[in-house]
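Structure first, then comments.
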Amino acid sequence: IGPPSRGFNIGESELSLEASIDPMWSGRLTLALPPENGESPEIEEAFIRSSSLPNGFGLTAGRFLSGVGYLNSQHAHTWDFSDAPLSYQAFFGGQLIDDGLQLKWLAPSDIYFSLGAEAMNGMNFPSTNNGKNGVETAAFFANVGGDIGNTQSWRAGASYLTTKPRDRVDDPDIASYAISARTKMLIGDFVYKWKPEDGSGASLKLQGEYMRRHENGDLNYLAGTTNSYDSTQSGWYLQSVYQFLPAWRVGYRYDRLDYGHIDTLMLLQAISRD
């Protein structure tokens, strides 16, 4: 979370293995290698994915990058900027990765249209691993897009995510309270791309996402007090990258994270009692 380290550093490295299992399934394993010596590698992805389901359906099972939003399903090394937008850091802790099932459907139409649904364990922020069977996090998303002539393309998407964190501590440095609530998130995304036909290597990409999270539940203090909790927060970013030569490009990103609304009356009462 936060900006990358200053000075020369390699950041996180990835080792990815992918192979066909049989005519119907393929598999992928991606290990994240921390830059610090002595830290153990982490499993970022470990899933099997169907390759021959009928009628445009696709199924993924295991640990995967969620398909919500535009940036989340992409590996960090493919991003245009070295760090995640503020909204991703605040609402997903960087990226939403979870264990579960993902079902996608691609429509047989002239324009691009797809639907997706995910049932997940809720092992990572904004959820917490409750140690229960069943679905703790559910997500739904839809995407539509197409071409504008031979030089332009666009895609727009909408996503909805719901989860149930239990005793979630958002800031380990201020661990005097924990949140148990129902979390609901709405995400809207859009991307526009332009590339001329002259083969000059120039291109332009305009990309943006808006996120809004609402949480309603309990605020549990270590002192034993429990109060109702209601919070609404939103954030967005807009970025543009222009490539003017095959190996040269410039970009700019603007982030905005709003503090939002919290039920301050109940919060102040809890603090006064403590």
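A donor-acceptor contact under 3.5 angstrom links the side chains of Arg49 and Thr60, judged on distance only. Remark: the Glu45 side chain and the His75 side chain contain an N/O donor-acceptor pair separated by less than 3.5 Å.
In terms of modelled atom types and a separation under 3.5 Å, the side chain of Gln102 and the main chain of Ala61 share no donor-acceptor contact. Checked by atom type and distance alone, the side chain of Gln95 pairs as donor or acceptor with a backbone atom of Gln74 at under 3.5 Å.
Remark: Phe113 engages no residue in a ring-ring contact (aromatic ring centres under 6.0 Å, His included) (not counting sequence neighbours).
Linking Ile, Leu, Val, Met, Phe, Trp and Tyr whenever their side-chain heavy atoms come within less than 4.5 Å puts Val250 and Tyr192 in one cluster.
By the 4.5 Å side-chain criterion applied to Ile, Leu, Val, Met, Phe, Trp and Tyr, Ile97 is assigned to a cluster that also includes Leu65.
Salt bridge annotation for Asp230-Arg182: absent, with no cationic side-chain nitrogen under 4.0 angstrom from a carboxylate oxygen. One finds a salt bridge joining Asp80 and Arg249 here, because a Lys/Arg side-chain nitrogen approaches an Asp/Glu carboxylate oxygen to under 4.0 Å.
Between Tyr88 and Phe92, the two ring planes are perpendicular [angle over 60°; tilted spans 30° to 60°]. Using cut-offs of 30° and 60° for the angle between ring planes, the Trp105 and Phe57 rings count as tilted.
The cationic atom of Arg213 (NZ for Lys, CZ for Arg) does not lie both less than 6.0 Å from the six-membered ring centre of Phe91 and within 45° of the ring axis.
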